[in-house]
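FYI, side chains are in, hydrogens and waters are out, and symmetry mates aren't considered; it's all heavy atoms of this structure. Each residue takes its place number in the sequence, starting with 1. Every number for a ligand or one of its atoms is a count from 1 in the order of the listing.
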Amino acid sequence: MGTALVYHEDMTATRLLWDDPECEIERPERLTAALDRLRQRGLEQRCLLLSAREASEEELGLVHSPEYVSLVRETQVLGKEELQALSGQFDAICFHPSTFHCARLAAGAGLQLVDAVLTGAVQNGLALVRPPGHHSQRAAANGFCVFNNVAIAAAHAKQKHGLHRILVVDWDVHHGQGIQYLFEDDPSILYFSWHRYEHGRFWPFLRESDADAVGRGQGLGFTVNLPWNQFDPELVLVSAGFDSAIGDPEGQMQATPECFAHLTQLLQVLAGGRVCAVLEGGYHLESLAESVCMTVQTLLGDPAPPLSGSMVPCQSALESIQSARAAQAPHWKSLQLQDVTPVLMSPSILSPEERPPPLLPGGPVCKGAASAPSSLLDQPCLCPAPSVRTAVALTAPDITLVLPPDVIQQEGSALREETEAWARPHESLAREEALAALGKLLYLLDGMLDGQVNSGIAATPASAAAATLDVAIRRGLSHGAQRLLCVALGQLDRPPDLAHDGRSLWLNIRGKEAAALSMFHVSTPLPAMTGGFLSCILGLVLPLAYSFQPDLVLVALGPGHGLQGRHAALLAAMLRGLAGGRVLALLEEDSTPQLAGILARVLNGEAPPSLGASSVASPEDVRALMYLRGQLEPQWKMLQVGAFTPQK
Ligand code: Q9C
Ligand code: ZN
């Protein structure tokens, strides 16, 4: 459905007229650098370009007082001295005669983006704006922000489009206290911010930026944390500040540009993919430009490049997340799950030889804080993007009806002899039908391993599902995959002789018992309800997968998988964050064209359908999840995030 890019070059007009080291980083080149890079990468050309309009004074009045709007309007005619004097009344603000015009365009750009998304003209988009907005308050400019662009967009989405639940995610490095103040008693706008805090010693130095600020009155629980819960937003607004990115002089954090691709992709599973990002901070031009490209690329549906670096969460991050969860728990059922049952821990069943291998070949390279930002930014992705994003090798005659036009239906097949050689050990692959399906699968898999195809779907007769998966794993490992993640649903057993050498991680979702037979062999029951399924993906599958950092993902829906289409779509959408989106889905031949179609669309970059306000997980599902997390946490460190045992 497309991605909008909202911009107007007039927003480069506002600039610093006097000497002020604090304000000088918020410069016009921020917009031009981001836009130039989008052009250079061919991303601008793929977007629907919208020219920003000015917000009306009435629209500004959705969150600002008339007196404040008048005050800003009057700056248009002030001289330099007067502008400087007025600026001094606010914290980190430098007015310019064009400020009012620029700030109205910035707010208008957000409105236009929301209108475009909510009328269905586009699926999502980014507004490139100056000045930023999230620090500005009802009657005050603050931190380079004049009008609160995202807050105005949220109020407008409620008022003009009748929305009832809007999620605002603020990934700028600073706390958007302006948005928090404006909506802290409003339960229809969930404001989530992460920000550098330093126990109150980081700008804007506010006590209320801490985790225990949870909103007030009707809005209790709707300030600060956790998009993953029963909120089920209809729209996601992003206060997209890139001063949290590596190299930024303000934030001094370490997030690589790829992080923003992953953040964007995670948000795209909400609200049917209706995501509106509005630029806030970001002052390192190179890092800003790259991070903007990552965001737009992901909005356009391209798979996120794999994350690099250590996947071990740092202690201080764990502590912060724990405090935020604790503060939010009284207000969100999904955060109370952990208290359902004290988990009786059986002694660890992991044998010593199954401890993590020292360093896997081609494994993650830890980039320490010492490495210069440029070295992280200078690495262009060496592998060119595959020419085909998604290919399907499916036999159902009606499948073409449900495929988007750019999904390739693949006719090719591996050489007969070769296919037979791979099939030989398996009785179930002797039948002609099974052999033909295997040939098609091998051809597709080779296309993925060669880098021509990014993702795919293949089908197999139910009776040959396990054997076909077995061949796919072996073929993947022997033809270039360094680490292969296999998520198997239904009656599919881990190939018994598959080496426990750390090169494959087997995750089976089915059955009655939760069991971690080794750190690379995990089995969990299929949760009964949507809430349980979500917890399983977020609390187990993704932490394991992100820790493992596979370069190929197989997801197999085997006999009796019992998965609903929307659940399969969510799983596929989330797994697409791994391995640069190199995901191969294996279906049973008699799966419905609807299931194949929805998976093809999601693997191709479309948002999965919204799950709806989900039920919470059942006590049994929670128990299974907690048990496995406890078993696996010592090995897979990402499980420490949201752990039920306090970390020392
Ligand atoms: N050097 C935005 O990112 N200066 N505003 C902090 C410490 C103010 C940031 C002083 C930073 C304002 C939108
Ligand atoms: Zn900022």
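Counting the atoms of ligand 1 from 1 in the order shown, those under 4.0 Å from a heavy atom of Pro132 are 13 (C). Contact atoms of ligand 1 toward Asp243: 3 (O) (distance under 4.0 Å to a heavy atom of the residue). Within the listing of ligand 1, atoms 2 (C), 5 (N), 9 (C), 13 (C) sit less than 4.0 angstrom from a heavy atom of His135. Set against the non-hydrogen atoms of Asp172, the atoms of ligand 1 under 4.0 Å away are 3 (O).
Nearest protein heavy-atom neighbour of atom 5 (N) of ligand 1: Gly143 O, 3.0 Å.
Salt-bridge formation is not detected for the pair Glu234/Arg274: no Lys NZ or Arg NE/NH1/NH2 atom is positioned less than 4.0 Å from an Asp or Glu carboxylate oxygen.
Side-chain contact, Glu250 with His174: a donor N or O sits under 3.5 Å from an acceptor N or O. Defined by atom type and a distance below 3.5 Å, a donor-acceptor pair is missing between the side-chain atoms of Asp10 and Ser98. Counted by atom type alone, Gln265 and Thr298 present zero donor-acceptor pairs between their side chains at under 3.5 Å. Remark: the Thr12 side chain and the Glu9 side chain contain no N/O donor-acceptor pair separated by less than 3.5 Å.
Asp243 lies close to the Zn ion (ligand 2), since one of its N, O or S atoms is found at a distance under 2.8 Å. Distance check for Asp172 against the Zn ion (ligand 2): an N/O/S atom falls below 2.8 Å. Within the 2.8 Å limit, His174 places at least one N, O or S atom next to the Zn ion (ligand 2).
Closest heavy-atom approach to atom 2 (C) of ligand 1 among the candidates Phe144, Phe205, Tyr283: Tyr283.
Below 3.5 Å of separation, one finds an N or O of Glu22 facing an N or O of ligand 1. Some N or O of Glu250 is nearer than 3.5 Å to an N or O of ligand 1, by distance alone. The shortest N/O to N/O separation between Trp203 and ligand 1 does not fall below 3.5 Å.
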(request) Report the C-alpha separation of Gln180 and Asp170 in whole Å, then their side-chain angles, then the decisive distance to 0.1 Å, and conclude whether the side-chain hydrogen bond (donor to acceptor under 3.5 Å, both in side chains) test is met. (result) CA-CA 10 Å; Gln180 175 170 314; Asp170 188 336; over 6 Å; no

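Using bins of under 30°, 30° to 60° and over 60° for the plane-to-plane angle, the ring pair His195/Tyr197 lands in the perpendicular bin. Ring planes of His175 and Tyr191: tilted class, angle from 30 to 60°.
Asp20 pairs by the side-chain hydrogen bond (donor to acceptor under 3.5 Å, both in side chains) definition with nothing, not counting sequence neighbours.
Using a 4.0 Å cutoff on heavy atoms, Glu26 does not count as a contact of ligand 1.
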